[in-house]
Amino acid sequence: MSETPAIEAFNSVETWAEAIAARLAETLGAAVRDHGRALFAGPGGSTPAPVYRRLAATDLDWSKIAVTLVDERYVPETSPESNARLIRDVLLQDKAAAARFIPLYTPEVTVDRAAIVAAKALGDAGGRFDAVLLGMGEDGHICSMFPESPTLKTLLTPTLKPTVLGVPHGRDGMAPTLERLSINLPYLMSAGRVILGLKGAAKRLVFEEQYQGDPKTQPIAALIAAGVPLEVLWTEEG
Ligand SMILES: O=C1O[C@H](COP(=O)(O)O)[C@@H](O)[C@H](O)[C@H]1O
């Protein structure tokens, strides 16, 4: 039976973001010291910007750190929906401007072809994340693992190799509204450190309702059942 993760609560976005950035920096710094390089993967969305700002200002040997995304909308960086755009605008600034960025999006003919290209690029960069930051949507999606998506079963299969998959848009108005790219569960299982950053009362409720659910249909339950070393840091401030 997997351990239920404790939820660490913070009384402001400031202290929450500070704590997450400090943990990520500690892990990335140790990987650079021990292996001469580090690989970090983070989310898009509305949650991570305060963490990225603090991380970007941290003294690390960023020239030895590669940064990628845990998921991406299948749109170019010129789109406001692009997660890469957030990474470039907020994280790859200040001291972190020296880091190398590995995008998941490339303008291939299909999203599945782009997923193959991204999987190869991540494999070439080491194939294992030293540190991962995750966000979660209010529908419980993590990365682009959407509860109703036909790709969910493959994304949540723990016995596959770490890879990137194309995710079709949902039918009849179901999420996601755009095609996407997502890392799979084995990438999270093999990561050195995985932090889930949550903001607001609604997301805490979703987390508490879903983590004991069916690991075949609930991404959070799947992560816990697979033994992903999840650290959950939450602030009520939305
Ligand atoms: O679509 C996405 O949503 C989730 C959660 O986003 P948020 O706006 O609720 O913080 C995010 O983790 C993911 O990377 C993104 O593609």
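When a residue number appears, it is its place in the shown sequence, counting from 1. Atoms within a ligand are numbered from 1 in the order they appear, just like the ligands themselves.
Atom-to-atom distance recorded for L86:CG and E77:CD is 11.0 Å, nearest 0.5 angstrom.
Judged as a ring-ring contact (aromatic ring centres under 6.0 Å, His included), and not counting sequence neighbours, F40 has no contacts.
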Worksheet item: Can you check side chain to side chain contact (heavy atoms under 4.5 Å, CB included) on I195 and V51, steps first, answer last?
Response: CA-CA 12 Å; I195 295 177; V51 176; over 6 Å; no
Practice prompt. Could you go through the side chain to side chain contact (heavy atoms under 4.5 Å, CB included) check for R180 and T151 one step at a time?
Written response: CA-CA 11 Å; R180 288 171 174 246; T151 321; over 6 Å; no
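Side chain of W16 to backbone of L233: a donor-acceptor contact under 3.5 angstrom is found.
Using modelled atom types, one finds a donor on one side chain and an acceptor on the other under 3.5 Å when comparing S12 with T15.
When heavy-atom distances to ligand 1 are checked against 4.0 Å, the residues falling inside are P43, G44, G45, S46, T47, D71, R73, N83, G135, M136, G137, H141, R180, K203, ordered by chain and number.
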